[in-house]
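Worksheet for the structure shown next.
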Amino acid sequence: MLVVHEILGRRDEPRFAGRRVEPLRVDWDEAAKRRLRRETDSGTDVAIALPRGSYLSDGAVLDDDGRRIIVAERREERALVVSFDTGIPAQRLAEQALRLGHAFGNQHAPVEIDGAEVRVALTTSEEIARATVDGLGLDAVRTEVRSVALARDRPLGAGHDHHALAPGGHGAAASTLLGALQLGDSALPIGRFVHSHGVEAWLSAHQDAGEDELSALVKSALRESVAPLDGAVVALSHRATSWERLERLDELVTAHKLTPAARLASTACGRRLAALGAELTTSPLVRRLARSARDGSTDANLAVVEGALAKGLGIPERDAVLLELRGAAAGLLSAAVRLGRLSPTRAQVILLGLSPAIEKGTAEALAAGDDDLRSGAFELEIYALAHGREDARSFST
Amino acid sequence: MSVDHADGLLELAFRCDANGRTGLAERRQRFPLRMTSPLYLDPADPGMAFVYLQNPTGGLFAGDRLHMNVAAAQGARVHVTTQSATKIYRSEGQRASQVLDFEVGPAAYVEHVPDPLIPHAGARLSQLMTAEVAPTGALVAAETIAPGRVAHGESLAYDSLVLHTRARSGGRQLCVDRLVLEPGRRNPGLPGVMGDGSYLVTLLALAPGGDAAALARTLDEALAGNSGVVGAAGELPHRSGALARALAAGPIEARRALATAWRAARNALVGLPLPPIRK
C-alpha cells in the first residue's frame, strides 16, 4: 500500500515531464476528503491522508518514483450546464442570474460557477434539474446536459443542511406542511365524497364482504388505478412548466378515464379544486386552469389540478402524490363507512395499514412517464359502469 | 419446437366496389403472418369481407415482432378474426411484440374479433393497437385474455402482458386503454381487479359520429344478468363510442360474454345480427 501524505504538485509542471501517468479516479464529491483509500487504474493500492485544507484537484500529483507519477483525475459525469448570454443589459443579466442562483440554492444543489456558465451536478433526475431552470422563465440562458469533469480545482458551491429544529432554516417547512394538510383535508369543498368509484355497487353485489375484503379492494384500487394513473399524473403535472404541457396532460387523463363515472368524478372535483386553487395561490398555471375550467375549454381533471396546485403551494412532488393516494384511499373507505359496512374506527385502522401500499404506489407513480399511465382495476371499473343501473343509490357515481 | 424470432407483416387495404362488395385492394405479407382470401359469409351483408389470420408457427414466440395493418376505405365492411386462439410461448428474455393498426375510413365498418390470447407460463407480450376512425366510420375491437393453459393446470403463470390500445379520430385523441398484467408481481386475483373472474373480455365499439349513449346502453343491457359473467358498458370519452368490459368464470362464459357484446354492438352500429361464422 502506498501512503500519500502530501500533494507533490501538478502534472503539467516541467519536473514531471516524460513520466508515465498512472491515474487515480477521484469524483467531485470526494475531492475535499482528507482520507481516501483507492486503487489506481493499474491496480496500485493508494491510501491518502492529507493535511487539513488539502484539495484533490484534477491533475494533482500524489506520488513520483522517477518514472511514473500517480495523478488524481476527475471522471466526467452528467451535469446540467446553464450558459448565460452575457450580451444582454447588466440589470437583466443580474436579475436572471440571481433567480437561477436562488432556485438551485433552495434545492441545495452543488453548483460550479465558471464565468458565464453554471454547472449543476445531477443529484436528481435530468428532467427535474431541467424543469427547475425551465420553470424560471429565463430568456437569457441556454441549457444543456453534458459530460463534464466537475470541481477540477476547487470544491463545488455545495449544499448546506437545515436542521429541522434549528432556527434560520428555510421557514417553508411549516407552511408547506399546512398547505399539504389543507389539500388533504376532507373538509376541502370539492365534492370528493359524493363519488364511490364503484364501491357502492361492488358492496351491494358482495353482501358478505368484510373488513379484509374491503382492505384488499382499496389496495387493488390504489395499485391498479389510482397510483398508475392519477398519482402519476399528479407528479407529471407538478413537473409541468408550461400551460401547453398541462393541457396535453389533461387531455391524456380524459382519454384514460374510460368510464363516465371516472370522468365525472375527476372533472367535477377537478374544476372545483381549480376554482378554489385560484384563491389559494398566485400560480399562473393554477389560475389559467381555473379560468379554462370555468369557460369549459379544459376538462380540468382532478390529478392535473392537484399537481399544479401542490406546486403552487410549495408542496414537494412526492408529498403531492402521497396526498392523492391517501385521499383516494380515504374516500373509498369513507364510502363503505357511510353505507354502514365499516365502522369509522376500523376505517382509520385500515387506512393506516395501507401506508406501505400508498408508499409503493407513490414510488411507481413518480417513475411513470406519459406512456406508462395505466388503469386496470377491472372489477371496480365494471361495478362503476353498472352503478347507473342501481335503483336506490346513495352516491352520484 | 424452436424457431428464430420472426418479423411478420400483414398489410391489408380493403375497398368497396360499386356493387357494395368489399374486396382486398392491396396485400403485403411476410412470414409468419398470413391470411385467407376474403370470404363472404354473411347472408345479411353479402358484400362484407371476412378474413382469417393464420400463423403457421402456432403462436407468438419470444422476440417475435408482428405487425398487422388493416385499412378500410370508404364504405368498406371487413371482419378480421383468427383461426384459433393465439398462444404466447414462454420467453426467457425478449418479449414478443405485436402491433395492430386499424384505419377505418368514412362510412366504413371494421370488426376485429380474435380468439383468446393464451399466455403460457413465463410468456411476455407487448401489444400496441392503434385505431384511426373517421367520424362516420365504426370499429369494433375485441380482446379476450385467458389466464393461461388451464387444462394443463397453468393459471396466471405468465410473466407479463402489456396491452396498449389508442384510438384517434380526425387528429383528436379519443381514448387510451393500457392494461399491464404481471401476475408474479401483482396478483390480479384480488377483489376489485379480477374478483372471481378468470377471463377478461374487452370490447371497444368506436363510432365517433354515432349515438354513443344509445350504443353504451344497448351493450350494458345485453351484458347485465349473464350467469358466470360480471360485465357492464359505458360511454367512452368524447362520446366516441362505448367500452364493454366483462370478467368471466371460464372459457365458455367468456365466449358467451364476447358474443353478447359483439351482437349488441353490431346491432346498434349496422343493424345486423351476428353472422353465421364457425370456428
Side-chain angles (χ1 to χ4, degrees), chain A residues 197-199 201-203 205-206 209-210 212-225 228-229 248 251-264 266-267 299 301 332 360-361 364 370-389 397, chain B residues 128 145 161-168 172-182 185-197 199-202 204 212-213 216-217 219-221 223-225 229-248 257:
Chain A
H197 303 274
V199 168
W202 188 91
L203 283 171
H206 296 80
D212 291 347
E213 285 87 354
L214 266 168
S215 171
L217 184 73
V218 176
K219 197 171 165 184
S220 298
L222 283 173
R223 197 186 70 181
E224 300 298 333
S225 168
L229 180 55
R248 236 182 4 257
E251 286 163 12
L252 192 58
V253 180
T254 297
H256 272 273
K257 297 271 178 191
L258 295 178
T259 71
R263 290 192 296 279
L264 178 62
S266 180
T267 59
D299 289 338
N301 283 286
L332 296 174
K360 207 169 162 196
E364 182 184 347
D370 290 16
D371 287 338
D372 300 319
L373 302 180
R374 65 180 179 90
S375 176
F378 310 114
E379 198 193 17
L380 262 180
E381 182 188 54
I382 290 167
Y383 281 105
L385 284 167
H387 188 98
R389 291 185 206 141
T397 66
Chain B
L128 173 64
I145 304 171
L161 285 187
V162 178
L163 304 177
H164 193 164
T165 299
R166 294 196 298 234
R168 306 181 65 86
R172 179 180 217 185
Q173 179 165 246
L174 299 178
C175 62
V176 183
D177 188 18
R178 186 164 177 275
L179 314 183
V180 179
L181 293 159
E182 296 179 333
R185 291 183 52 215
R186 305 189 317 268
N187 173 22
L190 288 180
V193 189
M194 298 284 284
D196 297 326
Y199 283 69
L200 178 68
V201 178
T202 302
L204 276 178
R217 212 166 37 244
L219 276 166
D220 190 56
E221 281 165 8
L223 282 166
V229 175
V230 178
E235 242 181 277
L236 283 167
H238 308 297
R239 298 185 177 151
S240 56
L243 165 81
R245 195 90 87 182
L247 291 162

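Values below: all heavy atoms of this structure, side chains included; hydrogens, waters and symmetry mates excluded. Letters go in sequence order (proteins before strands), and every chain restarts at 1.
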Find the distance between CG (B:Asp177) and CZ (A:Arg374) and round it off to the nearest 0.5 Å. 12.0 Å
Within the supplied structure, the quantity of interest is the number of heavy atoms (other residues, nucleotides, ligands) at a distance under 6.0 Å from B:Arg168 CZ; does it exceed 12? yes
Rounded to the nearest 0.5 Å, what separates atom CZ in B:Arg186 from atom NZ in A:Lys360? 9.0 Å
Pairwise distance NE2(B:His164) to CG(A:Asp372) - rounded to 0.5 angstrom: 9.5 Å
On a heavy-atom basis, which atom in B:Gln173 and which in A:Ala255 lie closest, and how many Å separate them? CG-CB, 3.9 Å
Just give me the residue among A:Val199, A:Asp371, A:Thr259, A:Leu229 that pairs up with chain B most often, heavy atom to heavy atom, under 4.5 Å. A:Asp371
If one checks every heavy atom of A:Ala377 against chain B at 4.5 Å, the contacting part turns out to be both
Distance, nearest 0.5 Å, that separates CG of A:Leu252 from CZ of B:Arg166: 9.5 Å
If you take all heavy atoms of B:Gly192 and A:Glu379, which pair is closest and at what distance? N-OE1, 2.6 Å
Which one, B:Leu174, B:Thr202, B:Leu200, B:Val162, leads in non-hydrogen pairs under 4.5 Å with chain A? B:Leu200
Of the non-hydrogen atoms in B:Ala232 and A:Leu385, which two are nearest, and what is the gap between them? CB-CB, 3.5 Å
Can you confirm whether A:Lys257 is buried at NZ, in the sense that more than 12 heavy atoms of other residues, nucleotides or ligands lie under 6.0 Å from that atom? yes
What part of B:Leu236 lies closer than 4.5 angstrom to a heavy atom of chain A: side chain, backbone, both or neither? both
Identify which part of B:Ala224 has an atom lying under 4.5 Å from any heavy atom of chain A, answering side chain, backbone, both or neither. both
Interatomic distance, B:Leu181 atom CG to A:Phe378 atom CZ [nearest 0.5 angstrom]: 5.0 Å
A:Thr254 versus chain B, heavy atoms under 4.5 Å apart: side chain, backbone, both or neither? both
So which residue, A:Leu217, A:Leu380, A:Leu258, ends up with the most heavy-atom pairs under 4.5 Å with chain B? A:Leu258
Could you check whether any side-chain heavy atom of B:Arg172 comes within less than 4.5 Å of a side-chain heavy atom of A:Glu251, counting everything from C-beta outward? no
Side chain from CB out, backbone as N, CA, C, O: work out which of these in A:Leu373 comes under 4.5 Å of a heavy atom of chain B, or both, or neither. backbone
B:Leu204, part contacting chain A, at a heavy-atom distance under 4.5 Å: neither
Distance col, row A:Glu381:CD vs B:Leu247:CG, nearest 0.5 angstrom, shows 9.0 Å
Among B:Asp220, B:Asn187, B:Val180, B:Leu190, residue most engaged with chain A (heavy-atom pairs, under 4.5 Å): B:Asp220
